Amino acid sequence: MSLYSEKVMDHFRNPRNVGVIEDANGIGEVGNAKCGDIMKMYRKIEDDIIQDVKFETFGCGSAIASSSMATELIKGKPVAEAKELTNRAVAEALDGLPDYKMHCSVLAEEAIQAALKDYQDRTGKTV
Ligand code: FES
């Protein structure tokens, strides 16, 4: 059995939603102090719906796959729904991550929360 699921490999090799949103109104950047990996997430939110989301991740394959899956899971969804997305849900959607790589999915959850906080700070809205 290989260490990583097909879905992890697919999202690592062909990450979805990579890039920058120039007119984003919610940006979150987080890092893992231990491994030094960094994830930055951009969101364009209108009418409390995440119209677009993109990311840049400087990190390991699991972090890239987690970023990609997280963006797929929240794109087109209400902001309140994205707020509830956990790293476990991201890992499950990837058909699992090895235990010692679960922290990589935490980066995705933290980036979502950081982008949400930025959106709240900019707009004064509470989600
Ligand atoms: Fe750093 Fe995966 S090893 S996020």
Side-chain angles (χ1 to χ4, degrees):
M1 204 186 100
S2 77
L3 195 55
Y4 295 105
S5 72
E6 283 293 318
K7 273 193 192 168
V8 171
M9 294 310 293
D10 178 34
H11 280 264
F12 167 57
R13 291 196 183 106
N14 308 295
R16 283 59 150 185
N17 308 307
V18 173
V20 174
I21 299 175
E22 294 298 343
D23 60 344
N25 55 1
I27 300 173
E29 183 171 338
V30 293
N32 181 315
K34 275 192 184 163
C35 62
D37 290 355
I38 297 167
M39 189 181 292
K40 192 167 185 179
M41 191 173 281
Y42 303 83
R43 295 217 200 124
K44 181 70 184 169
I45 299 168
E46 275 165 26
D47 301 326
D48 292 330
I49 301 288
I50 299 170
Q51 306 288 353
D52 199 9
V53 52
K54 290 199 186 297
F55 77 91
E56 293 174 310
T57 291
F58 179 81
C60 73
S62 298
I64 290 168
S66 296
S67 312
S68 171
M69 180 55 85
T71 57
E72 287 284 272
L73 290 172
I74 65 171
K75 199 171 185 177
K77 299 276 172 55
V79 181
E81 208 173 300
K83 189 182 174 186
E84 302 300 321
L85 188 70
T86 64
N87 75 298
R88 295 221 158 260
V90 173
E92 271 169 30
L94 287 167
D95 291 339
L97 283 169
D99 280 351
Y100 65 95
K101 281 290 182 182
M102 280 303 284
H103 73 271
C104 314
S105 63
V106 172
L107 219 49
E109 180 183 321
E110 289 177 351
I112 287 172
Q113 297 301 335
L116 187 61
K117 184 177 180 317
D118 183 50
Y119 172 70
Q120 288 177 328
D121 291 347
R122 287 176 193 232
T123 61
K125 287 188 179 182
T126 314
V127 181

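In this chain, numbering begins with 1 at the start of the sequence shown. On a predicted model such as this, the values are computed, not experimentally measured, just so you know. Every number for a ligand or one of its atoms is a count from 1 in the order of the listing.
- Counting heavy atoms from C-beta on, the side chains of Met39 and Glu29 never come closer than 4.5 Å.
- Within the protein, the N, O or S atoms lying under 2.8 Å from atom 2 (Fe) of ligand 1 are Cys60 SG, Cys104 SG.
- Within the 4.5 Å cutoff, side-chain heavy atoms of Lys54 are placed close to those of Asp52.
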Kindly determine whether Asp10 and Glu6 satisfy side chain to side chain contact (heavy atoms under 4.5 Å, CB included), including the steps that lead there.
CA-CA 6 Å; Asp10 178 34; Glu6 283 293 318; over 6 Å; no
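- When the side chains of ILVMFWY residues are joined at heavy-atom separations under 4.5 Å, either directly or via intervening members, Ile50 and Leu85 end up in a single hydrophobic cluster.
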Would you mind writing out the side-chain donor-acceptor pairs for residues 94-107 within the sub-3.5 Å range, not counting sequence neighbours?
unit_1	atom_1	unit_2	atom_2	d
His103	ND1	Tyr100	O	3.3
Ser105	OG	Asn87	ND2	3.1
Ser105	OG	Met102	O	2.6

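- The shortest distance between side-chain heavy atoms of Tyr42 and Glu56 falls below 4.5 Å.
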